[in-house]
Amino acid sequence: MTTCEGYVEQVLDRIPHHLPVRAQVAQDIRSLCADRQAAGQSAEEAIRQLGDPTTLAESYLSAIPLRPAPFMTRVAAKALDTILFCIVLAAPTFINLRLMGLGNDPSPWNIAVFILIAFLGLGFWLLSAVAETRYSRTPGKKLMGLYVVRESGTRIGFGQAVVRQMPVFLQIVWIDALFALFTERHQRAFELLSRTRTVTVQDA
């Protein structure tokens, strides 16, 4: 049985966390539920009349204009994420070079560090997908004032985030990115596949 508070959480879960509209949405839903319950309706009836949480979230988000993120701003955000990734990899890479030395055959320690670097790379890729799912942005996007949404404006799912990150894993980042120069909403190829967009925070 869904309560009004549970329904509020379902709707808010579909709205990017940083958008100020979340507070208005929560207040509106609580007021509507309270008014209808005061009129004799049960919480279940009030929630049923409010409709599907996703549809309600989309109705609020439709009032927020979504402007496609400028191409060079997106490049800068990706560069910042890449720099962060390089900083994370700097320590194990340095250790590996020290262990290997010049002209020496790889030792078990070298292999272990190579495996660690590979896991860090995979972990960073997955963390980027988690960040876009949970917070609608990676650190680079946050610094550049960008966020990621579904085409309807709601938060993306983890599967969509993984698809968005596939060009990094497949090493076709620039091929994918060039699509943003020619598509109507400046979407990358894998954004079109995942039905997502990168937009500017200022429009929220």
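Sequence positions, counted from 1, serve as the residue numbers for this chain. As the structure is a prediction and not an experimental result, all values here were calculated from the model.
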- Message: Using the rule that Ile, Leu, Val, Met, Phe, Trp and Tyr join whenever any side-chain heavy atoms are under 4.5 Å apart, tell me whether Leu32 and Leu56 fall into a single cluster.
- Response: yes
- Message: I'd like to know if Glu132 pairs up with Arg137 as an ion pair, taking the criterion as any Lys NZ or Arg NE/NH1/NH2 lying under 4.0 Å from an Asp or Glu carboxylate oxygen.
- Response: no
- Item | Min side-chain heavy-atom separation Leu61-Leu19 under 4.5 Å | yes
- Is there a path of hydrophobic side-chain contacts, each under 4.5 Å between heavy atoms of I, L, V, M, F, W or Y residues, that connects Leu66 with Val25? yes
- Message: Is any side-chain heavy atom of Leu50 closer than 4.5 Å to one of Arg36?
- Response: yes
- Item | Exam field: side chain Gln160 to backbone Ser194, donor-acceptor pair closer than 3.5 Å | yes
- Pairs satisfying side-chain hydrogen bond (donor to acceptor under 3.5 Å, both in side chains), at least one member in residues 74-86, at least two apart: Arg74-Glu191, Arg74-Thr198, Asp81-Thr138
- Message: Return the SG to CD distance between Cys4 and Gln37, rounded to the nearest 0.5 Å.
- Response: 4.5 Å
- Item | Between CD1 on residue Ile175 and CD on residue Gln171, distance to nearest 0.5 Å | 11.0 Å
- Task: For Ala63 and Pro65, work out which heavy atoms get closest and say how close.
- Result: O-CD, 3.4 Å
- Message: When you measure from the side chain of Trp125 to the backbone of Gln165, do you find a donor-acceptor pair of N or O atoms at a distance under 3.5 Å?
- Response: yes
- Query: Ring centroid separation for Phe71 and His186, is it under 6.0 angstrom?
  - Reply: no
- Where do Ala57 and Arg14 come nearest, in terms of heavy atoms and distance? CB-CB, 3.9 Å
- Item | Side-chain (Glu45) to main-chain (Ser42) donor-acceptor, under 3.5 angstrom | yes
- So, the side chain of Asp176 versus the backbone of Pro167: is there a donor-acceptor pair under 3.5 Å, distance only? no
- Got a second to check how far Asp13's CG is from Thr54's OG1, nearest 0.5 Å? 9.0 Å
- Task: Please confirm whether the backbone N or O of Thr196 pairs with a side-chain atom of Gln187, one donor and one acceptor, at under 3.5 Å?
- Result: yes
- Please list, chain by chain and in numerical order, all residues satisfying side-chain contact (heavy atoms from CB on, under 4.5 Å) with Thr73, sequence neighbours excluded. Pro70, Met144, Leu146
- Message: I'd like to check His17 versus Ser136 (side-chain heavy atoms, cut-off strictly below 4.5 Å). Are they in contact?
- Response: no
- Between Tyr147 and Pro16 the two heavy atoms that sit nearest each other are CE1-CG, 4.3 Å
- Task: Group every Ile, Leu, Val, Met, Phe, Trp and Tyr by side-chain heavy-atom contacts under 4.5 Å, then state whether Val75 and Leu143 land in the same group.
- Result: no
- Does some side-chain heavy atom of Met166 sit less than 4.5 Å from a side-chain heavy atom of Phe190? yes
- Task: Verify, without hydrogens or angle tests, whether Tyr7 (side chain) and Glu44 (backbone) share a donor-acceptor contact under 3.5 angstrom.
- Result: no
- Item | Nearest-0.5 Å distance that lies between atom CZ in Arg155 and atom OH in Tyr135 | 9.5 Å
- Item | Shortest non-hydrogen contact between Thr133 and Ala161, atoms and distance | OG1-CB, 3.4 Å
- Query: Run the side-chain contact (heavy atoms from CB on, under 4.5 Å) check on Val168 and Phe124 step by step: do they pass?
  - Reply: CA-CA 11 Å; Val168 176; Phe124 195 84; over 6 Å; no
- Message: I'd like to know if Phe179 and Leu193 are part of one continuous hydrophobic network [Ile/Leu/Val/Met/Phe/Trp/Tyr, side-chain heavy atoms within less than 4.5 Å].
- Response: no
- Task: Answer yes if Val199 and Tyr60 sit in the same cluster of Ile, Leu, Val, Met, Phe, Trp and Tyr residues linked by side chain heavy atoms under 4.5 Å apart, and no otherwise.
- Result: yes
- Item | Arg188 side, atom CZ; Thr183 side, atom OG1 - distance, nearest 0.5 Å | 10.5 Å
- About how many Å separate CZ of Arg197 and CG of Leu192, when rounded to the nearest 0.5 Å? 11.0 Å
- Task: Could you tell me whether Glu58 and Arg150 make a salt bridge, using a distance below 4.0 angstrom between a side-chain N and a carboxylate O?
- Result: no
- Take Glu5 and Cys33 through the side-chain contact (heavy atoms from CB on, under 4.5 Å) test and state the conclusion after the steps. CA-CA 9 Å; Glu5 280 303 313; Cys33 280; over 6 Å; no
- Task: Considering non-hydrogen atoms only, spot the tightest contact between Ala69 and Thr200 and give its length.
- Result: CA-CG2, 3.9 Å
- Message: So, using side-chain contact (heavy atoms from CB on, under 4.5 Å) as the criterion, who are the partners of Leu127 when residues are at least two apart?
- Response: none
- Give a yes or no answer on whether the side chain of Arg22 reaches the backbone of Ile15 with a donor-acceptor pair at less than 3.5 Å. yes
